[in-house]
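Just so we're clear, the structure is a prediction, and the values are computed from it rather than from any experiment. Each chain gets a letter, A, B and so on, in the order the sequences are listed, and its residues count up from 1.
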Number of protein chains: 2
Amino acid sequence: MKVVKFGGSSLATGANLNQIFQIVTADPERKIVVVSAPGKRFKEDAKVTDLLIDLATKALLEEDTTVLFEQIIARYQEIAEQTGTDASIVEQIRSDLKRRIDSDKANPDLFMDLIKASGEDNNAKLVAAFFTGKGIPAQYVNPKEAGLIVTDEHANAQVLSESYAKLHQLRNADQLVIFPGFFGYTNSGQISTFSRSGSDISGAILANAVNADLYENFTDVDAVFTVNPGFVKHPLEISELTYREMRELAYAGFSIFHEEALIPAFQAGIPVHIKNTNNPDSRGTKIVRKRECSAGPVVGIASDSGFSRIYISKYLMNREIGFGRRVLSILEKNGLTFEHMPSGIDDLTLILRGNQLNPTLETRVAEALKRELGADDVAIEHDISLVMIVGESMRHSIGTTHRASRALAEAGVNIEMINQGSSEVSIMFGIKKDFEKTAIQALYQEFFAE
Amino acid sequence: MKVVKFGGSSLATGANLNQIFQIVTADPERKIVVVSAPGKRFKEDAKVTDLLIDLATKALLEEDTTVLFEQIIARYQEIAEQTGTDASIVEQIRSDLKRRIDSDKANPDLFMDLIKASGEDNNAKLVAAFFTGKGIPAQYVNPKEAGLIVTDEHANAQVLSESYAKLHQLRNADQLVIFPGFFGYTNSGQISTFSRSGSDISGAILANAVNADLYENFTDVDAVFTVNPGFVKHPLEISELTYREMRELAYAGFSIFHEEALIPAFQAGIPVHIKNTNNPDSRGTKIVRKRECSAGPVVGIASDSGFSRIYISKYLMNREIGFGRRVLSILEKNGLTFEHMPSGIDDLTLILRGNQLNPTLETRVAEALKRELGADDVAIEHDISLVMIVGESMRHSIGTTHRASRALAEAGVNIEMINQGSSEVSIMFGIKKDFEKTAIQALYQEFFAE
């Protein structure tokens, strides 16, 4: 059997729902459908989830919510009307959202999650009514009843392992299951949401729980591209990549699929197929445990900007036992997490996400490093981009570094940092942000253009 | 004025002493001479320091020391005879060493240092008598009287900063100063030695203290080579390099000059000139603060084997605050120091000196990493070599990485690790030890052979 997940852009209009009806009914193995909240109908449109966040915020501030409330209900109503679905479902949704908005606000995080989660929850009810109305009996399944138990870390919930055995029962459902994504329930029965775009996670958990043959993730692009189309026009598509490759690409800006969602699929070895709702016949991209590495060593190129670096030098640093550990302790005390730590003989550099820093904090950290560690020099620099080339077969392919660094050198890109040697599937280059586009284009040319 | 230091191989025979006499008297600025203990006269010969270590060991074990004692005295006697120096100095040395060997052995480290230091101390007396006998009045200066105060960390003493002001008075000596290298005195008046080859350190401290114009370090090679002559025949010599370059080269196996000795020179900005006692007219190698970078980006290539790596992977590792710090704490608890820590997204690798490890310790560390950090995988691998290309102008020279990695790729050397981005003056490659020679040759060919 297959678990199928549809993203918000596949659920924004009645026309979208007719498309997913075609997709689901085209394959009798598609027995569990996970849905997001309705997304954008057009570029400037608002996603229902964003409207719900506004709604919750207004309610918490005790502002008037009437207009926004109606605007949200209108989204469901429009879809119901466009698809000829029984109008009673819209009334159900209205009273559900009313009940939520009137509920206790003592814990704002919990209230926010309660409102946010209604987007998926009510959409699942609507989609179930729609399928049933079209003659395919479908049942909305509530995550609490199904047993999707999560931690109470609101907006960043983690699934608890006991969920899987209970959720396994969904295999035996006699109707098509329509399951709302994005949230579960805590052991005390409260709603708790995954991080944003967490419907991908719900789908992966269900695929794992029911031991699906395939987890199909329908979105609005034909495939994962080898490189960000913002940098290279019409880049090649990736037909197949491994979990590890996907994970590394996701780290540096490939946001097509929620990276946490890979875990449950990875653990059960269930392949993930990313496909386009609007073009279901396209090949898509399959994420698997192992793949044939017949093409070149590189499967994709990713990049992310917004990194900063803290450079620390001290003469004879490498004689000092515990120096690195003490540097990291100072970072931790200041609430900073680091990404990488290249080191020389008498210096080390911390690469971290720049959005954690501000001038006051930078001064404090620099002073602590000098005072507590006796560093000779501490320098902080911003606007570093990390560029990664990713591929399973890279490790055993002599000369990949050479090809990448030649391409960068010929394009006039100075390499500030190379991090190679831990990951078996990637090489990471640190460059100045101004060179990011040039670097990506040069690497694409080198590894994909022939 | 100049401080001149002679290594053991420049002080092994009477002929050597006649050579250093020529060198010292050829330049009236050479006013302070730092001496090592007599070194080897021929390849299979023993250094006096090694004989002294044997002597101290025997004495501590209460074995008979008579033969060894006479063997050591014979070394001074031979030099005195060969140079026609007054025989009374040998009797002085004999009674000094006798007094030392008979002294208190309650603290074996202190006793060992007392015996070891006699090599330099007595040789300084001999050399002073030799110069005086040849008509150049020279005074043996005792480090205690001169004020060279050090920590009591025996065999790894560190100079205390108060030494400098007192030692500065040596500028005013009216005779040639002959100063024994390798040791100083603790605040409580006990001898404490620097690490092995520490006469280089004594010379650098004096050069700093008297604010010398130059610190001349005479040894038995013409210059520092661009690469280990064991790997490449007749490599080019380095005429000038910076302190930082020397420090990086010294890290990875360039042992021509004690790296700690650079610190006092570096702090005072005093150039260090490495020259050949047996060929004083050769250009030698000058270590300076700044140099003209007119040649290629690389000034030298170094390598060192005997590294190991610990690979740790954990899915979503980079989400865990403090993960790196906790890894380093586990290392520290097990008495391990690490050299480098390249990291991927979900893994990190520690590069450390392999001689710290043994199978029991490896098992313990691997288990601690799995148990305390929940690591998915921990793997330990040995026989890694680090190869470094070093040069100040590398940083601003686009394409150095490319040239190096091309050279390695074309030689069939797989790069296991690259560490670039912290040090401004080096790029480090981790490779399997079996490839070390091939890698060095390929890099030499690339950067020096044209």
- Please name the pair of heavy atoms, one in A/Leu249 and one in A/Ile301, separated by the smallest distance, quoted to 0.1 Å. CD2-N, 4.0 Å
- Any side-chain heavy-atom pair of B/Met394 and B/Val425 under 4.5 Å: no
- Are A/Lys290 and A/Glu392 close enough for a salt bridge, meaning some N to O gap below 4.0 Å? no
- What residue in B/Ile418, B/Thr400, B/Ile312 has the most heavy-atom pairs under 4.5 Å with chain A? B/Ile418
- Note on the structure: Of the listed B/Leu331, B/Leu328, B/Ile345, B/Ile415, the one with the largest count of heavy-atom pairs under 4.5 Å with chain A is B/Ile345
- Without swapping roles, check the side chain of B/Arg289 against the backbone of B/Phe266 for a donor-acceptor pair under 3.5 Å. yes
- Note on the structure: Honestly, the part of A/Glu410 sitting under 4.5 Å from a heavy atom of chain B is neither
- Against chain B, work out which of A/Leu262, A/Asp346, A/Leu408 has the most heavy-atom pairs shorter than 4.5 Å and name it. A/Asp346
- Heavy-atom distance under 4.5 Å between the side chains of A/Thr242 and A/Val299, does that happen here? no
- Item | Toward chain B, the part of A/Val327 with a non-hydrogen atom under 4.5 Å | neither
- Message: Check B/Glu372 with B/Arg326, please: is the shortest side-chain N to carboxylate O separation under 4.0 Å?
- Response: no
- Message: At a heavy-atom distance under 4.5 Å, which candidate from B/Met417, B/Arg244, B/Arg325 has the highest pair count against chain A?
- Response: B/Arg325
- Message: At a 4.5 Å cut-off on heavy atoms, which part of B/Ile263 comes close to chain A: side chain, backbone, both, or neither?
- Response: both
- Task: Report the option among B/Ser426, B/Pro342, B/Gly412, B/Gly399 that has the most heavy-atom pairs separated by less than 4.5 Å from atoms of chain A.
- Result: B/Pro342
- Item | Validation row: B/Asn414, B/Ile431 side chains within 4.5 angstrom (heavy atoms) | no
- What residue in A/Leu348, A/Asn419, A/Ile351, A/Thr337 has the most heavy-atom pairs under 4.5 Å with chain B? A/Asn419
- For residues A/Gly296 and A/Ser393, report the shortest heavy-atom separation together with the two atoms involved. O-OG, 3.9 Å
- Task: Side chain from CB out, backbone as N, CA, C, O: work out which of these in A/Met428 comes under 4.5 Å of a heavy atom of chain B, or both, or neither.
- Result: side chain
- Message: So for A/Ile427, is it side chain, backbone, both, or neither that comes closer than 4.5 Å to the heavy atoms of chain B?
- Response: neither
- Item | B/Met246 side chain reached by B/Val272 side chain, heavy atoms, under 4.5 Å | no
- Query: Hey, which of A/Gly344, A/Ser313, A/Gly430 has the most heavy atom pairs under 4.5 Å with chain B?
  - Reply: A/Gly344
- Name the option with the most non-hydrogen atom pairs under 4.5 Å to chain B; the candidates are A/Glu416, A/Glu332, A/Arg309. A/Glu332
- Message: Heavy-atom cut-off 4.5 Å, strictly under: side chain, backbone, both or neither for A/Phe338 against chain B?
- Response: side chain
